[in-house]
There are 2 protein chains.
Amino acid sequence: METRELRYFVTVAEELHFGRAAQRLGIAQPPLSRAVQQLERRLGAALLDRTSRTVTLTEAGAVLLAEGRAALDAVAAAERRTRRAAASTTGRPALVLVTKAGASNELLAKLLAAYAAEPGAVPVDVILSGPAEQARLLREGRADVALLHRPFDPTDGFDTEELGTEGQIAVLPAGHPLTARAEVRLADLAALPGLPLPRWPDPDGGYPPGPGPKVRDHAQLLQLVALGRACALSPESCRTNLHDGLAAVPVTDAPPVTTVIAWPPHSRSRAVADLVRTATRL
Amino acid sequence: METRELRYFVTVAEELHFGRAAQRLGIAQPPLSRAVQQLERRLGAALLDRTSRTVTLTEAGAVLLAEGRAALDAVAAAERRTRRAAASTTGRPALVLVTKAGASNELLAKLLAAYAAEPGAVPVDVILSGPAEQARLLREGRADVALLHRPFDPTDGFDTEELGTEGQIAVLPAGHPLTARAEVRLADLAALPGLPLPRWPDPDGGYPPGPGPKVRDHAQLLQLVALGRACALSPESCRTNLHDGLAAVPVTDAPPVTTVIAWPPHSRSRAVADLVRTATRL
DNA sequence: GGCATCGATACCCTCCGGGTATGAATCCGG
DNA sequence: CCGGATTCATACCCGGAGGGTATCGATGCC
């Protein structure tokens, strides 16, 4: 199976429309139809049920959509990492670390400092992303390591090492009645009128239904809290970057958050290995 | 990047010889040289250093070899799983579980029985493989789930759930002096004259250097022990399938073995999810 | 220094992937 | 119930990418 065929099929499966898919791919519709037919013949499996009006995925098609995306990601990652490896021999090599904006700042600072002191350390670029993008960045080879927070972030398919566990705090607008309490419970937060928990994007970029404002990163979130439009549940370490207008209260019954360092398997990079080793020694 | 190019490059990188690689690929040497050159141009990176006598990998080439293998595995897995999904709608669907021959037999039997009793259970094919092949079978889509034993088997890139932990026993020829002891230590085993620990194959099929006979599965291993040519370190649960000529002694300072159930990420199969859930409830 | 080995180059040819034009089926509005 | 719009499939053509053979150039070895 060639990646071109896979790309074609995945696009059609996403659009469920040959015309639009062809447009997205920058080719005409007939060759696209043919390519998908050919793929089906070679696989000996129907991937799409088509009438002249509608296209739907078969069981096998759904499998190939999920698996094919993963495979295309792997190919893209191979390409990107190779390019980076090549660039790193000519210029200065750089390691890309991705973490959620506003989370684990202290840990990150300590890690970067400790790693920089290692012999053979390499410049580290830090990307601050929203939580949904981290996995994608790692999978696509745009990043080498990530700091993730279990159980919130998916660690599917990565190698991980635990770095530490912490409790969670409720972040509230300063002056809110609950901020007078020494500690609160999850039920207290759920019952807050007018202060819903925000919604985070899915891995595919959409948002789950429900009340609560949509947020993409921690800064947005804190701003919304300060504005009195939401409340938030965050790891304790966020306390250090709460500014005016925000207050925090420990939540006793929230699940603890584990910070893990994650990297793609098959990574043969000494820099990644060094960074991970440094991290586990903190 | 097309999978054909990747396959070509990976083959050359493995052989470090264009002629042999071309032969393995079933094409002539000149098109292969061209294809690799073209890939290098497109990536803007030298992958191989070639003199007219020898070929060696560059830094970037080593990266692409590792990443490219993973990507090719992912593509192959997508293809195989799609074929299986298609076959499963026409015939009876089957789940393929792979485990090491001769390990965790009780656990496996309990798991299969419990799963079969679930509503919506599907026939399960069991593959007994040598340890080195399990990861490959999962990665290539030939199997859906595996029972692995940490810390011996790599769990890189899979999702896992722990099923249980057990100690290890030394398996010795019946009548060996040590079998009189109630327990032994690792150092006792290392010092045994004429009874080396066997060597297991690497993921790539080769064997590490050293003394000790080469083995591919547990049955071979036990036979060698019975013949007095080796001793072995095995999880306790193996005790149930020791036959005549073999004796077991607990090893007090051996690292405990954790049995985990592992499956590829992105698995959208209900059957896999059911089986895993059943397993964690045992 | 001649020879063998091995990758690169030159050149040719086939077939595959892409384009345009059009057909066939289905849905919809009148 | 009929014509037009929509959408996927088919028919046909063309250019170029990919594969083959012949050969060159470089390098190590006896």
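Just so it is clear, the model here is predicted, and its values are computed rather than measured. Labels below follow one simple rule: chain letters A, B, ... track the order of the sequence lines, proteins then strands, and each chain is numbered from 1.
- For the pair B/Glu5 CD and D/dG19 C1', the interatomic distance rounds to 15 Å; values are reported in whole Å.
- Neither side chain, A/Thr280 nor A/Glu161, offers a donor N or O lying under 3.5 Å from an acceptor on the other.
- Across A/Asp144 and A/Trp263, no two heavy atoms sit closer than the pair O-CB, 3.5 Å.
- Rounded to an integer number of Å, the gap from CD1 of A/Ile27 to C1' of C/dG17 is 9 Å.
- Computed from coordinates, the A/Leu16 CG to D/dC8 P distance equals 10 Å when rounded to whole Å.
- The distance from atom CZ of A/Arg7 to atom P of C/dG17 is 13 Å, rounded to the nearest whole Å.
- A close approach under 4.0 Å does not occur between any side-chain nitrogen or oxygen of A/Arg53 and OP1 or OP2 of D/dC8.
- Of the possible donor and acceptor atoms, one in the side chain of A/Gln134 sits under 3.5 Å from a partner among the backbone N and O of A/Leu147.
- Phosphate proximity of D/dT7 to A/Arg50: absent, as no side-chain N or O sits under 4.0 Å from OP1 or OP2.
- Applying the 4.0 Å criterion to OP1 and OP2 of C/dA8, one finds that B/Ser33 has a side-chain N or O inside that range.
- Listed for the B/Glu40 side chain is a donor-acceptor partner under 3.5 Å among the backbone atoms of B/Leu48.
- At whole-Å resolution of the value, CD in B/Gln29 and C1' in C/dT5 are 11 Å apart.
- Candidate nucleotides C/dT20, D/dG19, C/dA8 were compared by shortest atom distance to the side chain of A/Pro30, and C/dT20 ranks first.
- Straight-line distance from the OH atom of A/Tyr8 to the C1' atom of C/dC16: 12 Å, rounded to whole Å.
- Interface residues of residues 34-42 of chain B facing DNA chain D, ordered by number: B/Arg34, B/Gln38; criterion, heavy-atom separation under 4.0 Å.
- The residue among A/Gly26 and B/Pro31 whose nearest nucleotide of DNA chain C lies closer to the 5′ end is B/Pro31.
- For the pair B/Glu2 CD and C/dC16 P, the interatomic distance rounds to 15 Å; values are reported in whole Å.
- Residues B/Ser33 and B/Gln29 bring a donor and an acceptor atom of their side chains to less than 3.5 Å of each other.
- When the nucleotides D/dG19, D/dG20, D/dT7 are ranked by their closest atom to the side chain of B/Arg4, D/dG19 comes out on top.
- Residues A/Tyr207 and A/Arg199 share a closest heavy-atom pair of CE2-O, 3.5 Å.
- Considering only side-chain atoms of A/Phe18, the nucleotide from D/dG20, C/dG7, D/dA9 that sits closest is D/dA9.
- Taking atom NE2 on B/His17 and atom C1' on C/dA8, their separation rounds to 14 Å, with Å as the unit.
- Cation-pi geometry between A/Arg4 and A/Tyr8 is met: under 6.0 angstrom from the ring centre, within 45 degrees of the axis.
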